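A, B, ... follow the sequence lines: proteins, then strands. Residue 1 opens every chain. If you're wondering where the values come from, they're calculated on a predicted model, not measured in any experiment. These numbers come from the heavy atoms of this one structure, side chains and all, not from hydrogens, waters or symmetry mates.
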There are 2 protein chains.
Amino acid sequence: MARASTTSDAFNAVAEPRRREILIYLAGAERPVGAIVAALGLEQPSVSKHLRVLRDVGLVRMRCQGRQKLYRTNSEAIRPLHEWAGMFERYWLHQLNRVKELAEATVRQGPADLNFPNQNLKEKNT
Amino acid sequence: MARASTTSDAFNAVAEPRRREILIYLAGAERPVGAIVAALGLEQPSVSKHLRVLRDVGLVRMRCQGRQKLYRTNSEAIRPLHEWAGMFERYWLHQLNRVKELAEATVRQGPADLNFPNQNLKEKNT
DNA sequence: ACATTACATTCCCATATAGGAATATGTCAA
DNA sequence: TTGACATATTCCTATATGGGAATGTAATGT
């Protein structure tokens, strides 16, 4: 099997850096395609294709106004990403505490020998 | 050009659903590969390959213990995702307020005609 | 030394891009 | 109608998968 489609979910859609830029650009206000092209310096067909992906997963909304189409970010669709990543918050807070405690312990004991920095470890880390 | 490599950054790495599952499973404690295989019901080579991707972008750490290799999630590496998605928080809060205000206004006015739900809109939405 | 356990890597392949170029579609203006 | 403007879509192609199967490799037990 190949990689999942970019339109399969928000995670796949935002994997592309340009699509993330577009989402940020369209977060505050709706803009016509031409404005995105000008602001991000991309080719117009490229922007249209990215917008198509973003629409398919609900990350942007579109409205027609005369001959232009106004896009804006649907921030609600980004919440699942935020919440998924947020599940790990308690763990990175723990890691920060451990680093802090280690630093304080090191100050009390004096610095470790930098030539053998792993002398106190039983297993090698990666 | 093709899609960016899954190892190009954390965004691309977590686009794969199985890799997200692995990260959650390895968030609380380090586990040998066999435990992941058993817990998630994937083929062992598949798990090894996913772990390789996750390691390349720093989303997991590995430690050798005898013949097994213990992996754990490096939650710190998920923070950038959380923070990127967090940039949109103020916008989805605004959207929620607008929906709430609209609902309250609707209650005051009575419900709109469901057969012509767009009768008050000048442009068509998508 | 040999078999076993625990992982990692390689090979093969169907599939899905993302970008560039060219073209199609839809809207407004004269 | 004709032309200009704003977007969208199609075609083409190099590239990167992810899964399955098979194989490689390192560590341990006997």
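Using a 4.0 Å heavy-atom distance criterion, B/Ser48 is classed as a base contact.
Side-chain proximity of A/Arg3 to the nucleotides C/dA6, D/dG18, D/dA8 is greatest for D/dG18. Distance from the side chain of B/Val33 is smallest for C/dC7 among the nucleotides D/dG18, D/dT7, C/dC7. Of the candidate nucleotides C/dA8, D/dG20, C/dA16, C/dA8 has the atom lying nearest to any side-chain atom of B/Lys69.
At whole-Å resolution of the value, CG in A/Leu42 and P in D/dT7 are 14 Å apart. For the pair B/His50 NE2 and D/dT17 C1', the interatomic distance rounds to 11 Å; values are reported in whole Å. Taking atom CD on A/Gln68 and atom P on D/dC5, their separation rounds to 14 Å, with Å as the unit. A straight line from CE of B/Met62 to P of C/dA6 spans 16 Å, rounded to a whole angstrom. The interatomic distance linking A/Leu51 (CG) with D/dA6 (C1') rounds to 13 Å, in whole Å. Look at CZ on A/Arg63: it is 13 Å from P on D/dT7, rounded to the nearest Å. The distance from atom CZ of A/Arg52 to atom C1' of C/dT25 is 14 Å, rounded to the nearest whole Å. Between the CG atom of A/Asp56 and the C1' atom of C/dT17 there is a distance of 14 Å, rounded to whole Å.
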Using atom types as modelled, flag every donor-acceptor pair under 3.5 Å from a side chain in residues 39-46 of chain A to any protein atom, sequence neighbours excluded.
unit_1, atom_1, unit_2, atom_2, d
A/Gln44, NE2, A/Ser48, OG, 3.1

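A sub-4.0 Å separation between OP1 or OP2 of D/dG19 and a side-chain N or O of B/Ser46 is present. For D/dA16, the OP1/OP2 oxygens have no side-chain nitrogen or oxygen of B/Thr6 closer than 4.0 Å.
Shown for residues 8-24 of chain A: no residue has heavy atoms falling under 4.0 angstrom of DNA chain D.
For residues 22-34 of chain A, the pairs satisfying salt bridge (Lys or Arg N to Asp or Glu O under 4.0 Å) are A/Glu30-A/Arg63, with sequence neighbours left out.
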Q. In B/S/- notation, 5' to 3', how is nucleotides 22-30 of chain D contacted by protein heavy atoms closer than 4.0 Å?
A. B----BS--

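Counting heavy-atom neighbours within 6.0 Å of B/Arg20 CZ, excluding the residue itself, gives a total above 12.
Terminal axes of the helix from C/dA1-D/dT30 to C/dA30-D/dT1 (five pairs each, C1' rotation axis) are separated by 10°, to the nearest 10°.
Residue-to-nucleotide contacts include a donor-acceptor pair under 3.5 Å from the side chain of B/Lys49 to the base of D/dG20.
Ring orientation note: the planes of B/His82 and A/Trp92 are nearly perpendicular, at an angle over 60° on the 30°/60° scale.
Partners of B/Val53 under the side chain to side chain contact (heavy atoms under 4.5 Å, CB included) rule, at least two apart in sequence or in another chain, are B/Thr6, B/Thr7, B/Ala13, B/Arg19.
Mapping A/Met1 and B/Leu70 onto DNA chain C via the closest heavy atom, the residue that lands nearer the 5' end is B/Leu70. Both B/Ala4 and B/Pro32 sit near DNA chain C, but only B/Pro32 has its closest nucleotide nearer the 5' end.
Within the 4.5 Å cutoff, side-chain heavy atoms of A/Val14 are placed close to those of B/Trp84.
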